[in-house]
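See structure below.
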Amino acid sequence: MSSGDLAFRSITEAAREGGSAVQLTTAVLSRIEELDPGLHAYVTVAAEIATQRATDLDVRGGRRGPLWGIPVGFKDNIATADMRTTANSHVLETWQPTTDAAVVANMRRAGAVVIGKHNLNEFGWSLPSPDDLTPAPRNPWNTESAAIGSSSGSAVAVAAGLCFGALGTDSGGSVRLPAANCGVVGLKPSHGALPLEGAFGVPTLSDIGPIARCVNDVRLLMAAASGAAERGSLPAQGGEGLGSIRVGLLPALARTIEVDPEIGRAYLDAVRELERLGGRIVELSGIESEAATAAVRVILNAEAYAEHASSIRRHPDRYGASARVHLTQGAFLGAADYIYALRFLKRYAAKVDSLFDSVDCLVTPTAPYLTAEEARRPETHRAGLGDMFTSPFNLSGNPALSVPAGFSSAKMPIGIQIVGRMQDDQRLLWIAEQYEQSTPWHTQHPLG
């Protein structure tokens, strides 16, 4: 079986039909060698470590976890004890942690083979810069375009068949936006559902989240990363059907930004499909997206600056030009700004929570733009427009997932975001899976 034949199997299919851990690992490494020089999905590829791990798993025999022998990758701001963790920064160019992040340790216990570390915007809070450690990832659907978001390397790797699943981090949309842009599934779980220990992020907003090619693979990654798989408590699937599901729309949120017309049409098609599946559509109001996005910026800037201030003062030349700007913005905030933003967070989370008295999920577009180039226009980026749909749910803490919902006329992927009740991630995944299974979008892949 060729690497191309294996590349786009689900995790379940690969485990059942793909052969040994060594065969799966060899197939993925072959694709990385062929395709990643043009995609830049990886900062580090640990071929020898991965091959040895796969060999050891095959010698032990049997399947002792849901990811047994499955090649996965991690965003390079998540610590790995056996390979360097750089955050795509010259500051950490040679740093190798002494311990795994908690999610990495959990995934290894579930049987995963760690192929390598995925590319990202430096420290997860900047724009790609020519002086970054590794060039920016390219979108596998159109390599003339960059991929959106700081977890872009993870989404590119999953979409192009350079791993079967990945973990990224999300502080304002950084899992969901690249997932939508690359035609895969990305989940920001309920805040705190996965331990942030051993990962770079801002504690008030950041979450580690899985990226995969279908919802069930996200479910498996989530169970493994949380340790639930090891405890023998894989989530049950099933439910009563979309006939009992109330789907909330937020028309006022959509009016705060001019959405690309092709994204708008795909979003309306998705809403109609959810309705066809039996969902009852409910229009809601009361979500202040502009105020929420502003509060996210204040918290993110303040906490990122607190983390990096001392390091930037000691060796500013080792940070990229974009990272220096983004990581020092917090120096211009006062304590009152930060405290007010935290107070707004509490009020906002309560307001979002109250919406779920009337609905079971919320549905929005994931991104308003089709390409990274559109999202990174100075007037767009400075205004926080690119994450207008995603960052409000970092503020509220709700689980939110992007699932493929179509393509533009130029064959660029489009995603919709489905948001669930706090701490009800499994219900969210089940709703998303009903939509996914009724549409063809997740079965289409780039690069063959």
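These numbers were taken from a predicted model, which means no experiment stands behind them. Worth knowing before you read on, the calculation uses all heavy atoms, side chains too, and leaves out hydrogens, waters and symmetry mates.
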Is a side-chain donor-acceptor pair under 3.5 Å present for [Y] with [X]?
| X | Y | value |
| --- | --- | --- |
| Glu273 | Ser438 | yes |
| Asp425 | Ser190 | yes |
| Asn181 | Trp141 | no |
| Arg297 | Thr293 | no |
| Ser126 | His326 | no |
| Thr169 | Asn77 | yes |

Between [X] (side chain only) and [Y] (backbone N and O only), is there a donor and an acceptor less than 3.5 Å apart?
| X | Y | result |
| --- | --- | --- |
| Glu262 | Ser409 | yes |
| Asp36 | Ala41 | yes |
| Lys188 | Ser402 | no |
| Arg213 | Val158 | yes |
| Ser151 | Ser154 | no |
| Tyr267 | Ile414 | no |
| Ser226 | Ala223 | yes |
| Tyr42 | Ile32 | no |
| Glu436 | Val215 | yes |

Review point. Can Arg377 be said to sit on top of Tyr369's aromatic six-ring, NZ or CZ under 6.0 Å from centre and within 45° of the ring axis?
Key: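 Yes.
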Check your understanding: Taking the six-membered ring of Tyr340, is NZ or CZ of Arg347 closer than 6.0 Å to its centre and within 45° of its axis?
Key ->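 Judged by the rule, Arg347 and Tyr340 form a cation-pi pair.
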Mind checking side-chain contact (heavy atoms from CB on, under 4.5 Å) for [X] and listing every partner two or more places apart, or none if nothing turns up?
| X | answer |
| --- | --- |
| Ala225 | Val103, Met107, Leu167, Leu194 |
| Thr204 | Ile299, Glu303, Tyr338, Leu342, Leu345 |
| Arg272 | Leu268, Asp269 |

Is there a side-chain contact between [X] and [Y] (heavy atoms, below 4.5 Å)?
| X | Y | result |
| --- | --- | --- |
| Ile70 | Leu220 | no |
| Phe200 | Leu92 | yes |
| Met222 | Pro189 | yes |

Taking all heavy atoms of [X] and all of [Y], pick out the closest pair and write down the distance.
| X | Y | answer |
| --- | --- | --- |
| Ala46 | Met83 | CB-CE, 3.5 Å |
| Gly153 | His118 | C-CB, 3.8 Å |
| Pro178 | Gly149 | CD-CA, 4.1 Å |
| Ala199 | Ile208 | CB-CD1, 3.9 Å |
| Val259 | Gly264 | CG1-N, 3.9 Å |
| Val363 | Leu249 | O-CD2, 4.1 Å |

Practice item. Would you check, one step at a time, whether the test side-chain contact (heavy atoms from CB on, under 4.5 Å) holds for Asn216 with Glu433? Key: CA-CA 7 Å; Asn216 190 53; Glu433 194 167 34; 3.6 Å; yes
Going from [atom1] on [X] to [atom2] on [Y], what distance comes out if it is rounded to the nearest 0.5 angstrom?
| X | Y | atom1 | atom2 | result |
| --- | --- | --- | --- | --- |
| Gln423 | His191 | CD | NE2 | 10.0 Å |
| Arg176 | Ile416 | CZ | CD1 | 13.5 Å |
| Leu362 | Leu428 | CG | CG | 10.0 Å |
| Leu327 | Ser322 | CG | OG | 8.5 Å |
| Ile49 | Asp82 | CD1 | CG | 4.5 Å |
| Asn121 | Ser174 | CG | OG | 7.5 Å |

Practice item. Determine, stepwise, if the pair Arg219 / Ile11 fulfils side-chain contact (heavy atoms from CB on, under 4.5 Å). Key: CA-CA 11 Å; Arg219 182 184 287 114; Ile11 289 173; over 6 Å; no
Review point. Taking the six-membered ring for Trp, are the ring centroids of Tyr319 and His90 within less than 6.0 Å of each other?
Key: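 No: the rings miss the under 6.0 Å criterion.
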Review point. How are the rings of His308 and Phe123 set relative to one another: parallel (under 30°), tilted (30 to 60°) or perpendicular (over 60°)?
Key: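 Perpendicular: the ring planes of His308 and Phe123 meet at over 60°.
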Check your understanding: Is the number of heavy atoms from other residues, nucleotides or ligands under 6.0 Å of Gln437 CD greater than 12?
Key ->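 It does: Gln437 CD has more than 12 such atoms within range.
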**Study point:** Atom CD of Glu197 with >12 non-hydrogen neighbours under 6.0 angstrom
**Key:**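 Open.
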**Study point:** From Thr390, Thr366, Thr364, residue fulfilling side-chain hydrogen bond (donor to acceptor under 3.5 Å, both in side chains) relative to Gln417
**Key:**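 Looking at Thr390, Thr366, Thr364, the match for Gln417 under the side-chain hydrogen bond (donor to acceptor under 3.5 Å, both in side chains) is Thr364.
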Practice item. Using the side-chain hydrogen bond (donor to acceptor under 3.5 Å, both in side chains) rule, pick out the option among Asn119, Asn88, Thr134, Thr86 that qualifies with Asp76. Key: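 Result for side-chain hydrogen bond (donor to acceptor under 3.5 Å, both in side chains) with Asp76: Thr86.
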Practice item. Determine, step by step, whether Lys411 and Asn142 satisfy the side-chain contact (heavy atoms from CB on, under 4.5 Å) criterion, reporting the C-alpha distance in whole Å, the side-chain angles of both residues, the deciding distance to 0.1 Å, and the verdict. Key: CA-CA 8 Å; Lys411 302 302 180 186; Asn142 177 4; over 6 Å; no
Check your understanding: Under 4.0 Å between a Lys/Arg side-chain N and an Asp/Glu carboxylate O for Asp170 and Lys75?
Key ->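 Answer for the salt bridge query: no.
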Exercise for review: Check the pair Cys361 / Val247 against side-chain contact (heavy atoms from CB on, under 4.5 Å), numbers first and verdict last.
Suggested key: CA-CA 5 Å; Cys361 67; Val247 178; 4.1 Å; yes
**Study point:** Qualifying residue, where the test is salt bridge (charged side-chain N to carboxylate O under 4.0 Å, His left out) with Asp360 and the options are Arg421, Arg280, Arg246
**Key:**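 Per the salt bridge (charged side-chain N to carboxylate O under 4.0 Å, His left out) rule, the option paired with Asp360 is Arg246, out of Arg421, Arg280, Arg246.
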